[in-house]
Amino acid sequence: MTTVLAPMGGTAVRLAEVPDPVFSAGMVGPGLAIDPVREPVVAVAPIDGIIMKLHPHAFVIVGDDGRGVLVHLGIDTVQLRGAGFELLTTEGARIRAGQPVVSWNPVSIEASGRSPVCPVVALDGDADYVTGLAHGRIDAGDDLFEWA
Amino acid sequence: MAERKVTVQSEVGLHARPAATFVQTAAKATVNVTVARMSGEPVSAKSILSVLALDVRQGETIVISADGEGADELLDALAAIASAP
């Protein structure tokens with residue numbers, strides 16, 4: 001069982017409501033999204049593990065059990081080529097849930113005409129094994145969902 | 001074993017939408033299908049985690065391999081996704 005923590009504060013949003021079919025259709029896996037607070041944010045690790053991929057706009061952490069969790073910071077943010085994102089750790093680093101990974105500002109993402117909503121995805125996961133989805137307001141580090 | 005060598009054309013490489021489409025297409029198939037960098041270790045093309053870990057960038061060439069019933073059709077579909085701009 002993996003408990004996936006909220007990488008930032010905001011409001012829990014169903015993946016189906018994310019304005020990108022990659023996430024809303026569950027193409028990369030089940031999970032939950034966060035509509036982040038509109039202020040500068042430090043995105044933190046949702047699980048313990050190794051930072052397998054660290055892009056400015058997205059990162060993947062793989063736990064010791066081999067499961068990967070993707071955190072995507074806003075929608076279509078790859079187009080920003082890193083502008084407005086600051087990496088706070090490095091690829092390959094071991095990290096604990098709750099430790100900082102990337103700082104960014106949802107306000108400037110929104111001002112660029114993009115959605116700042118952040119999908120948190122159990123990569124390759126089966127939707128039947130993702131439970132306990134959070135509802136409503138959440139703070140960084142709160143339980144987001146369980147991955148059995 | 002059938003295979004296709006494909007140069008990835010998408011600006012974002014085999015990430016994001018191209019990667020998701022690639023893996024979703026592979027996962028629908030009943031046959032085993034792998035993807036590898038040139039002379040690299042093959043990984044399951046049905047795993048988004050494995051495909052993201054390959055970290056294929058625009059302009060890089062990958063080898064997609066499959067074996068069994070429908071392998072050629074599947075590889076053609078995957079090659080089309082990977083080579084789409």
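The shown structure was predicted, so the numbers you read here are calculated from the model rather than taken from an experiment. Below, all heavy atoms of this structure are taken into account, side chains as well, without hydrogens, waters or symmetry copies. So that the names make sense, note that chain A is the first sequence line, chain B the second, and so on, each numbered from 1.
- Counted within 6.0 Å of CD on A:Glu39, heavy atoms from surrounding residues, nucleotides or ligands total more than 12; the atom is thus considered enclosed.
- Looking at A:Val60, the atoms closer than 4.5 Å to chain B (heavy atoms on both sides) all sit in the side chain, from C-beta outward.
- Contact annotation for A:Val62: only side-chain heavy atoms (C-beta onward) come within less than 4.5 Å of a heavy atom of chain B.
- Residues A:Leu70 and A:Leu54 do not share a hydrophobic cluster, clusters being chains of Ile/Leu/Val/Met/Phe/Trp/Tyr side chains in contact below 4.5 Å.
- Counted within 6.0 Å of CD on B:Glu69, heavy atoms from surrounding residues, nucleotides or ligands total 12 or fewer; the atom is thus considered open.
- Contact check for B:Arg17 versus A:Asp76: side-chain heavy atoms found under the 4.5 Å cut-off.
- Residue contact with chain B, scored on non-hydrogen atoms closer than 4.5 Å, involves the side chain of A:His55 exclusively.
- Residues A:Met27 and B:Ile48 have side chains not in contact (no heavy-atom distance under 4.5 Å, counting atoms from C-beta outward).
- For CG of B:Asn32, the number of neighbouring non-hydrogen atoms (other residues, nucleotides, ligands) closer than 6.0 Å is 12 at most.
- For B:Glu11, the CD atom counts as loosely surrounded, since its 6.0 Å shell holds 12 or fewer non-hydrogen atoms of other residues, nucleotides or ligands.
- Remark: B:Leu49 CG to A:Lys53 NZ distance equals 11.0 Å, nearest 0.5 Å.
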